[in-house]
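The analysis underlying the following values was restricted to heavy atoms, covering all of them including side chains, and did not include hydrogens, waters or symmetry mates. Order of the sequence lines fixes the chain letters, A, B, ..., with proteins taken first and strands second; residue numbering starts at 1 for each chain.
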Amino acid sequence: MLFNFANILVFVLVGGGFVGVSLFVSRLIQPRFPTLEKGLIYECGEIPVDNAWINYNLRYYLVAIIFVIFDVEIAFVYPVATVFKNWIAEGKGMIAFIEIMVFALILFVGLIYVWKKGDLNWFKEVVVTEDTRRTPEEATAL
Amino acid sequence: MEQLAITIHENYLWGAPLWAVNLIVMFGASAVVLMLFVAPFAGITSFVERRIAARIQDRIGPNRVGPQGILQFLADGIKSLMKEDLIPTDADKPLFILAPYLVFLGMFTTFVAIPFSSKLIVSDLNVGLLFIFATSAITAVGLVMAGWGSGSKWSMLGGMRAAAQIISYEIPTGLAALCVILLAGSLSLQTIIAGQGAYPWQWYLFNNPFNPLAFFILLASLVAEGNRAPFDLPEAESELVSGYNTEYSGMRFLFIFFAEWANLYIIGALVTVLFLGGWQIPVGVSEWAGGVASWFPQVLQFLTFFLKVLVFVFLIIQLRWTLPRVRMDQLMEICWKYLVPVAFVCVMGVALWMIIWPEGLPWMTYLLTAVAGLIVAYYCYRVIWQLRNTKATLEFNPFV
């Protein structure tokens, strides 16, 4: 068993070493003439405007949160699924099934909640009411 | 592999301690897998993909380096090796440098648990499937690092998209794989294959009516996790320049693509292991081959497995040039509103099916096999029809 997991470490070392050595060899034989233009990031040939590290959209966080919930669910169901066959052989299949389903359904209700709330929609409809709409004066002041 | 180490220790290297032999075998195995399998496979796949793309788009494609351009990937490799390696001044340098390592390792460590034949496997992990899903998620970290570290807006968008896409599609992948885990009762890939047989009606694919659906979901979401078209939004060249790898050049660029092509093999291998019987060959053939030489059945098993994987590699390449790219909102909708609920229903269905018919239902299996056979036959007919009716004149002179 220890052999099996030691193998993963060896693979990481060999894989990382392969990338590292290739980059090192590349560094030895490649030409190096750095100029200011080469150091610029690509922005369709224009001089880059501003930094790229902006606050990106909140919906990515939502996706991440939903993912964590469901991945935890799957991680917990996997061990139960491996012994499910034995439970059926012992004649306790229905109990195991109901237990898995109770656990999974609670989380699935979460998906339905998120779905109904509209968080699964990539484009959320923003309701513009009278008090959230900016007046022309406010808009020009910005 | 552990057996191999023990055999070598007992028979050949008398003086050496067991841990040293183990270490030699482990490093040897990883080097062999990397140099003799993953690297040539990724390289040749890149060439084959370009040729197929050319064929579909009525072009010729690379045909200058070696016979029919087969050595093109070596030329590309050498070219990348000699390219100036640029790191943008605006980049977050440590992240930018670390990203290709993670992308590559996320792909490469997966090969620890992927079997090649019944005895040819680096290590048959008892948590194999979980391990594969875990390591392939490291790729997502690498892609976000590449996107963020580049300091470019295109990269940033690509990286964020890659993250959202890969983690979203982990869920249907996991749920679809759960259908097989229920049936096999194990996470070890060798045990999952051992639970199936050589003939199509013995595969998990046709075990019950829910498994073909799970198979489709698994294939679609693995393609999406591999950032392949029609789900190649993170590097959508027509809108994001090149996505997360916009700022990469030279060897670093090569390694990101190396991982993507080698990932094709992993997709095919996972699907083959879970649903298509892996390396299983008929018992009669196995016995006959065993009579010829003790290693001969292993070779046949390897070829069977490899052929099944190749079918999927070609299918995924063909998909890339057949289907249009989906939009970002469609991508998320497909995942969360269709694949996840359907996969969930599949898991419930398989579990119920196992309780009601623990021995399986033979007529259902044969029916599903027949239907699948018809679909495959129609697909082959269409491809042949297409090839016959779109005759492009190709140059077959290797010296041109």
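- Between B/Leu81 and A/Ser26, the shortest heavy-atom contact is O-OG, 3.0 Å.
- The minimum heavy-atom distance linking A/Trp115 with B/Trp336 is given by the pair CZ3-O, 4.4 Å.
- For A/Phe84, the part sitting under 4.5 Å from any heavy atom of chain B is the side chain, from C-beta outward, and nothing else.
- Between chain A and the options B/Asp90, B/Thr135, B/Leu254, B/Leu178, heavy-atom pairs under 4.5 Å are most frequent for B/Leu178.
- Distance check, rounded to the nearest 0.5 Å: CD1 of A/Ile100 to CE of B/Met348 gives 11.5 Å.
- Looking at B/Ser152, both its backbone and its side chain come within 4.5 Å of chain A, counting heavy atoms on both sides.
- Within the 4.5 angstrom heavy-atom criterion, atoms from both the backbone and the side chain of B/Phe111 approach chain A.
- Using non-hydrogen atoms only and a strict 4.5 Å limit, the part of residues 337-347 of chain B facing chain A consists of B/Lys337, B/Val340, B/Pro341, B/Phe344.
- For the atom pair OG1 (B/Thr109) and CG (A/Leu9), the distance works out to 11.0 Å, reported to the nearest 0.5 Å.
- Among the candidates A/Val25, A/Ile29, A/Ile8, the residue making the largest number of heavy-atom pairs closer than 4.5 Å to chain B is A/Ile8.
- By number of non-hydrogen pairs under 4.5 angstrom with chain B, the leading residue of A/Val80, A/Leu13, A/Ile66 is A/Ile66.
- Neither the backbone nor the side chain of A/Val83 has a heavy atom closer than 4.5 Å to any heavy atom of chain B.
- Between the side chain of B/Glu247 and the main chain of A/Tyr42, a donor-acceptor pair closer than 3.5 Å is present.
- The shortest non-hydrogen separation linking B/Arg252 to A/Leu23 is NH1-CD1, 3.6 Å.
- A/Lys85 places a side-chain N or O within 3.5 Å of a backbone atom of B/Leu183 that can act as its donor or acceptor partner.
- Across A/Tyr78 and B/Leu187, no two heavy atoms sit closer than the pair CD2-CD2, 3.7 Å.
- Looking at B/Ser155, neither its backbone nor its side chain comes within 4.5 Å of chain A, counting heavy atoms on both sides.
- In this structure, A/Phe76 places its CZ atom where only 12 or fewer heavy-atom neighbours from other residues, nucleotides or ligands lie under 6.0 Å away.
- With chain B as the partner, the residue from A/Trp87, A/Phe70, A/Tyr60 showing the most heavy-atom pairs under 4.5 Å is A/Tyr60.
- Chain A forms more heavy-atom pairs under 4.5 Å with one residue of B/Glu333, B/Met156, B/Gln330 than with any other, namely B/Met156.
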For this session: Decide ring-ring contact (aromatic ring centres under 6.0 Å, His included) for B/Phe131 and A/Phe5; before the verdict, give the C-alpha distance in whole Å, the side-chain angles of both, and the deciding distance to 0.1 Å.
Result: CA-CA 11 Å; B/Phe131 171 75; A/Phe5 288 100; 7.7 Å; no

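- Heavy atoms closer than 4.5 Å to chain B are found in both the backbone and the side chain of A/Ala104.
- B/Ile167 touches chain A through backbone and side chain together, each having a heavy atom under 4.5 Å away.
- Residue B/Ala184 touches chain A through its backbone alone, counting heavy-atom pairs closer than 4.5 Å.
- Of the listed residues B/Pro88, B/Cys335, B/Ser80, the one with more heavy-atom pairs under 4.5 angstrom with chain A than any other is B/Pro88.
- Using a 4.5 Å cut-off between heavy atoms, B/Lys153 touches chain A through backbone and side chain atoms alike.
- Using a 4.5 Å cut-off between heavy atoms, B/Leu86 touches chain A through its side chain atoms alone.
- Proximity of A/Phe18 to B/Phe108: side-chain heavy atoms (C-beta onward) are nowhere separated by under 4.5 Å.
- Per-residue counts of heavy-atom pairs under 4.5 Å with chain B were compared for A/Met94, A/Lys38, A/Arg32; the largest is that of A/Lys38.
- Looking only at heavy-atom pairs under 4.5 Å with chain A, the residue among B/Thr89, B/Val38, B/Ile97, B/Leu102 that has the most is B/Thr89.
- Of the two parts of B/Arg327, neither the backbone nor the side chain holds a non-hydrogen atom closer than 4.5 Å to a non-hydrogen atom of chain A.
- Nearest approach of B/Ile171 to A/Asp71, heavy atoms of both residues: CD1-N, 3.7 Å.
- Looking at every heavy atom in both residues, A/Gly16 comes nearest to B/Tyr101 through O-CE2, 3.6 Å.
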